[in-house]
Amino acid sequence: MTDPMTDPKAGVEAAPLRRTLPRPPDRFAALGAVLIVLVLLAAIFAPWLAPYPVDEPKPLEALLPPSGAHWFGTDQVGRDVLTRILYGGRTSLFIAVAVLGASALVGVALGVVAGYAGGWLRDVIMRVTDVFLAFPALLLSLALAVVLQPSVNTVILAIAVTWWPWYTRLAASVAASIATRGYVDAARCLGVPAPLIILRHVVPNSLTPVLVQMSLDAGGVILTSAALSYLGLGAQEPTAEWGLMVQQGQTLFTTNWWVVTFPGLAILVTAFAFNVLGEGLRNALDPRRVVK
């Protein structure tokens, strides 16, 4: 029997085979995708899945432990915790989608222009980007949230202002690489206007790394929004939001653990799901990754 590592003939035939083998499925990424789908479905169908009204206090049923009537127990004013978690998912996911959408829209637009145009325009855009990146994202979000009135819209604005520079830098590096490729040079030689080249060639080819980064960032946005609500700078009563629920139940952890535990688990599971899905997408779409 010949050793493929030492036999020249075997090595020549085996190397292309290894590069063409399909990549094994990422089980953690698949798990993350399943969890995200479940969270999305629970949030979308919350009005039909919730066993009780979301904002109906029942003082006589306050702080009931988990049971058949209330699977996750009740909070300080008798509201069903499971119902609040389902509706809280709507709030948290809406914040994540709004922040990532606004950040990607602004960041990709500026980054593509900077990467394609180059020169002084790139320098101006990237220097402004560097100014925002010089501040810790959470600290800048806290500063903005303190100045503005606490609300869901405030959380979206405060986080989006600190998140767009990352997409600008990412899109600028990708666009700069695409701008030097042959088909872009051919389009220039044919007299195609620069805006049309950007829309038809540069932007579509820049979207893959941006989408991967968005999937990785979703968990961080949910954690940041929960942190702001926990500090009283985000969603306010009677809005159901996971971070706010944790803040309201923190003093009851030793006596009524369910009030804070289940919202905390919702944050943990959702952030974990987005992170592992993003890692799986990055590994699957990385052209440098070779399966051996």
Side-chain angles (χ1 to χ4, degrees), residues 31-99 142 145 149-156 159 218-277:
L31 174 61
V34 170
L35 290 175
I36 291 171
V37 170
L38 292 176
V39 172
L40 286 173
L41 290 176
I44 293 171
F45 295 104
W48 295 273
L49 295 175
Y52 299 93
V54 63
D55 293 319
E56 184 179 344
K58 297 181 180 179
L60 297 180
E61 298 182 5
L63 299 175
L64 293 179
S67 63
H70 299 278
W71 289 5
F72 288 0
T74 61
D75 62 9
Q76 301 93 315
V77 295
R79 295 174 298 192
D80 184 67
V81 174
L82 174 58
T83 298
R84 306 260 315 157
I85 288 177
L86 291 174
Y87 278 89
R90 285 186 147 197
T91 305
S92 296
L93 292 175
F94 170 74
I95 292 173
V97 170
V99 168
L142 284 171
Q149 185 173 358
S151 67
V152 171
N153 291 334
T154 294
V155 171
I156 294 172
I159 302 176
V221 172
I222 290 174
L223 289 172
T224 304
S225 66
L228 293 177
S229 296
Y230 177 84
L231 295 173
L233 302 174
Q236 302 293 306
E237 280 285 359
T239 303
E241 200 273 339
W242 292 338
L244 179 61
M245 294 174 68
V246 171
Q247 188 270 335
Q248 292 172 338
Q250 62 177 341
T251 58
L252 303 172
F253 180 69
T254 56
T255 55
N256 307 101
W257 56 269
W258 58 89
V259 180
V260 65
T261 299
F262 290 118
L265 286 176
I267 298 172
L268 175 64
V269 170
T270 306
F272 167 80
F274 276 111
N275 284 338
V276 296
L277 177 62

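Using modelled atom types, one side-chain atom of T239 and one backbone atom of Q236 make a donor-acceptor pair closer than 3.5 Å. Side-chain atoms of T74 come within 3.5 Å of backbone atoms of L64 as a donor-acceptor pair (strictly under, hydrogens ignored). The main-chain N or O of Q248 is found under 3.5 Å from a side-chain atom of Q76 such that the two form a donor-acceptor pair. Without hydrogens or angle criteria, R79 side chain to P57 main chain gives no donor-acceptor distance under 3.5 Å. Between the side chain of S225 and the backbone N or O of I222, at least one donor-acceptor pair lies under 3.5 Å. With hydrogens and angles ignored, the 3.5 Å screen pairs no side-chain donor or acceptor of N256 with any backbone N or O of V259.
Taking the side chain as every heavy atom from C-beta outward, L233 and T154 never approach each other to under 4.5 Å. Using a 4.5 Å cut-off on side-chain heavy atoms (C-beta onward), P53 and K58 make no contact. A 4.5 Å side-chain heavy-atom check between L252 and V260 finds every atom pair outside the cut-off.
The number of heavy atoms from other shown groups lying within 6.0 Å of CD (E237) is above 12. The environment of F94 atom CZ is sparse: at most 12 non-hydrogen atoms of other residues, nucleotides or ligands sit within 6.0 angstrom.
Nearest heavy-atom pair across A42 and L86 is CB-CD2, 3.8 Å. A pairwise comparison of heavy atoms in T261 and F253 identifies OG1-CE1, 3.7 Å as the closest pair. Across V152 and A235, no two heavy atoms sit closer than the pair CG2-CB, 3.9 Å. Across all their heavy atoms, P51 and D80 have their closest contact at CG-OD2, 3.5 Å. Between Q247 and Y230, the closest heavy-atom pair is CG-O, 2.8 Å. Nearest approach of A240 to R84, heavy atoms of both residues: CB-O, 3.6 Å.
Atoms OG1 and CG, from T270 and L35 in turn, are 8.0 Å apart once rounded to the nearest 0.5 Å. Between atom OG1 of residue T255 and atom CG of residue L63 there is a gap of 7.5 Å, rounded to the nearest 0.5 Å. In this structure, CG in L228 is found 11.0 Å from OG in S151, a value given to the nearest 0.5 Å.
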**Item:** Audit row: F272, L31, side chain to side chain contact (heavy atoms under 4.5 Å, CB included) steps and yes/no
**Value:** CA-CA 10 Å; F272 167 80; L31 174 61; 4.3 Å; yes
**Message:** Walk me through whether E241 and S229 qualify under side chain to side chain donor-acceptor pair (under 3.5 Å).
**Reply:** CA-CA 8 Å; E241 200 273 339; S229 296; 3.2 Å; yes
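Screening V99, V97, L93 for a side chain to side chain contact (heavy atoms under 4.5 Å, CB included) with I95, the sole residue that qualifies is V99.
Relative orientation of the F262 and W257 rings is tilted, given thresholds of 30° and 60° on the angle between their planes.
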